[in-house]
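Some notes on the structure that comes next.
Every heavy atom of this structure was used, including side-chain atoms; hydrogens, water molecules and symmetry mates were not.
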Amino acid sequence: MKINVLITKEQLEKKTVELAEAITRDYEGKELVLVGVLKGGFIFLSDLARKIRMNVAIDFISVSSYGNSTESMGVVKIIKDVDTDVVGKHVLIVEDIIDTGLTLNYLKDLFNTKGCASVKLAAILDKPERRKVDIKVDYPGIKIPDKFVVGYGLDYAGNYRNLPDVCVIEEM
């Protein structure tokens, strides 16, 4: 197995700064809750939160739609819900990647039923070729080709999350 860098840590850093600046502008004076989607979104959430220049609350939700496969199963299961009361607050769901859109569509619908002031989406990676639902990512990241990627929080069967770059695994 060979691992090739697709997006460098420097490119990820630059895009994260851009997104944080836009989020800071858009939510100035508002009560914002960042909801990181575990496990993949934790690194991006950490980097993003430290670059947002205002107070934010942070919480996590854990969902499953992949298992140990490289293909989304299309069924979203909540493993852990948020602990924060989000009623009347602005929620920004922070995800590692949007591909089919099924998970983020489900989460957006879920938070819209919780009485939030607004629900928006941020994802550091965007794989538009794989979209199965029409969903708007309010803070879109870097567009990537339809390849299975690891690193920067993304995994293959629980491995490679700690790689600083986004990489493609090539079978040898």
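For K9, the NZ atom is loosely surrounded, since the number of other residues' heavy atoms within 6.0 Å does not exceed 12.
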Is there a side chain to side chain contact (heavy atoms under 4.5 Å, CB included) between I144 and I97 once you walk through the steps? CA-CA 10 Å; I144 63 170; I97 189 168; 3.8 Å; yes
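Electrostatic pairing of D126 and K15 does not count as a salt bridge here, judged by no charged N lying under 4.0 Å from a carboxylate O. The pair E129-K143 fails the salt-bridge criterion, with no side-chain N (NZ, NE, NH1 or NH2) lying under 4.0 Å from an Asp/Glu carboxylate O. A salt bridge links R130 and D146; the closest N-O separation between the charged side-chain nitrogens and carboxylate oxygens is under 4.0 Å. The pair D81-K114 counts as a salt bridge, with a side-chain nitrogen and a carboxylate oxygen less than 4.0 angstrom apart. The pair D134-R131 does not meet the salt-bridge criterion, since no charged nitrogen lies less than 4.0 angstrom from a carboxylate oxygen.
Exactly one residue among L38, I93, V82 makes a side chain to side chain contact (heavy atoms under 4.5 Å, CB included) with I61. That residue is V82.
Across P164 and L12, no two heavy atoms sit closer than the pair O-CD1, 3.6 Å.
Of the N and O atoms on the side chains of T24 and E21, not one donor lies less than 3.5 Å from an acceptor on the other residue.
The aromatic rings of H90 and Y27 sit perpendicular to each other, their planes meeting at more than 60°, with 30° as the lower class boundary. Using the six-membered ring where Trp is involved, F148 and Y156 have ring planes that are perpendicular, over 60° apart on the 30 and 60° scheme.
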